[in-house]
Amino acid sequence: MANNNIGSKRLVVGAHYGMRDWLAQRATAVVMAVYTVILLVCFLTSSNFSYEGWAAMFSHQWFKMATFAAFMALFYHAWIGVRDVWMDYVKPVAVRLVLQVATILWLIVCAGWAAQILWRM
């Protein structure tokens with residue numbers, strides 16, 4: 001009976017063995033890297049290094065959307081990493097669940113705060 005859980009006959013129920021999360025972290029890292037390059041190019045090609053110049057850069061709708069997409073990628077990237085830390089190092093299930101819910105709530109609040117800041121300008 002123990003030999004039925006080896007190789008292609010292995011019983012897999014509900015586990016995805018981390019491939020989806022690994023790929024999601026790489027994809028969110030690429031989004032953040034592309035945004036960083038866009039931000040650096042916009043900043044370094046600008047001649048107005050004042051608040052007005054910064055506000056003008058963020059006045060374009062496409063830039064606000066790119067910034068928000070980068071923030072969402074950051075929050076999802078952080079969720080995967082922190083969730084893995086909680087799953088690996090916090091053994092009591094109740095404590096782990098409380099920490100995961102607190103992390104989710106914190107990241108949702110941060111996403112709302114980022115949206116409020118971006119569209120208040």
Side-chain angles (χ1 to χ4, degrees):
M1 187 67 158
N3 291 336
N4 290 339
N5 203 20
I6 301 173
S8 63
K9 295 185 182 212
R10 179 175 57 188
L11 180 63
V12 178
V13 285
H16 48 80
Y17 296 103
M19 178 59 99
R20 184 183 67 189
D21 296 334
W22 180 86
L23 190 60
Q25 274 206 316
R26 277 28 181 205
T28 56
V30 167
V31 170
M32 291 184 288
V34 168
Y35 178 74
T36 302
V37 169
I38 290 171
L39 187 64
L40 283 172
V41 167
C42 288
F43 183 73
L44 294 176
T45 59
S46 175
S47 60
N48 189 0
F49 293 109
S50 65
Y51 171 78
E52 289 78 21
W54 190 255
M57 189 166 62
F58 278 90
S59 67
H60 304 288
Q61 192 66 24
W62 72 268
F63 201 80
K64 288 181 183 181
M65 293 298 289
T67 303
F68 191 67
F71 273 125
M72 295 309 292
L74 173 68
F75 298 143
Y76 191 60
H77 190 92
W79 162 245
I80 293 170
V82 172
R83 187 205 61 202
D84 286 349
V85 168
W86 295 150
M87 289 189 327
D88 289 345
Y89 297 108
V90 180
K91 296 305 177 193
V93 176
V95 175
R96 185 171 59 225
L97 182 62
V98 167
L99 289 172
Q100 287 178 339
V101 169
T103 302
I104 290 170
L105 291 175
W106 175 253
L107 291 172
I108 289 172
V109 167
C110 287
W113 192 21
Q116 180 185 19
I117 290 170
L118 282 172
W119 275 276
R120 190 182 334 169
M121 298 176 102

### Task
May I ask you to decide if Val41's main-chain N or O and Thr45's side chain share a donor-acceptor pair within less than 3.5 Å?
yes
### Query
Taking the side chain as C-beta and beyond, is there a heavy-atom pair between Met72 and Val31 under 4.5 Å?
no
### Query
What closest approach, in Å, do Trp62 and Cys42 show between heavy atoms, and which atom pair accounts for it?
CH2-SG, 4.4 Å
### Query
With hydrophobic residues grouped by side-chain heavy-atom distances under 4.5 Å, do Val98 and Ile108 end up in a single group?
no
### Task
Look at the side chain of Arg96 and the backbone N and O of Val90, then say whether any donor-acceptor pair between them is shorter than 3.5 Å.
yes
### Query
Same cluster or not: are Leu118 and Met65 linked, directly or through other Ile, Leu, Val, Met, Phe, Trp or Tyr residues, by side-chain heavy atoms under 4.5 angstrom apart?
yes
### Residue pair Asn48 / Ser50, side-chain donor-acceptor N/O under 3.5 Å
yes
### Query
Quick one: CG on Leu107 to CZ on Arg83, what's the gap to the nearest 0.5 Å?
12.0 Å
#### Entry: Joint hydrophobic cluster, Leu44 plus Leu39, side-chain heavy atoms closer than 4.5 Å
yes
### Query
Do Trp79 and Thr103 have a side chain donor and acceptor closer than 3.5 Å?
no
### Message
Just checking Tyr89: does its OH atom have more than 12 heavy atoms from other residues, nucleotides or ligands closer to it than 6.0 angstrom?
### Response
no
### Query
Which class fits the ring pair Phe71 and Phe75: parallel under 30°, tilted 30 to 60°, perpendicular over 60°?
parallel
### Task
Could you state whether Val30 and Tyr76 fall into the same hydrophobic cluster, counting links through intermediate Ile, Leu, Val, Met, Phe, Trp or Tyr residues with side-chain heavy atoms under 4.5 angstrom apart?
yes
### Task
Inspect the surroundings of CE in Met87 and state if more than 12 heavy atoms from other residues, nucleotides or ligands are less than 6.0 Å away.
yes
### Query
Heavy atoms, side chains only, cut-off 4.5 Å: are Val109 and Leu105 in contact?
no
### Query
Does Thr28 reach the side chain of Leu74, with side-chain heavy atoms less than 4.5 Å apart?
no
#### Entry: Heavy-atom side-chain proximity of Trp22 to Ile80 below 4.5 angstrom
no
### Message
Grouping I, L, V, M, F, W and Y whenever their side-chain heavy atoms are under 4.5 Å apart, do Val34 and Phe63 come out in a common cluster?
### Response
yes
#### Entry: Minimum heavy-atom distance Ala73-Met32, with the two atoms named
CB-CG, 4.2 Å
### Message
Less than 4.5 Å apart, side chain to side chain, heavy atoms only: is that true for Gln61 and Trp119?
### Response
yes
### Taking every non-hydrogen atom, the tightest pair across Ala115 and Phe68
CB-CE1, 3.7 Å
#### Entry: Side-chain heavy atoms of Met57 within contact of Trp54, under 4.5 Å
yes
### Where Phe58 and Lys64 come nearest, the two heavy atoms and their spacing
O-CE, 3.0 Å
### Query
What is the ring orientation for Phe43 with Phe49, classed by angle as parallel under 30°, tilted 30 to 60°, or perpendicular over 60°?
perpendicular
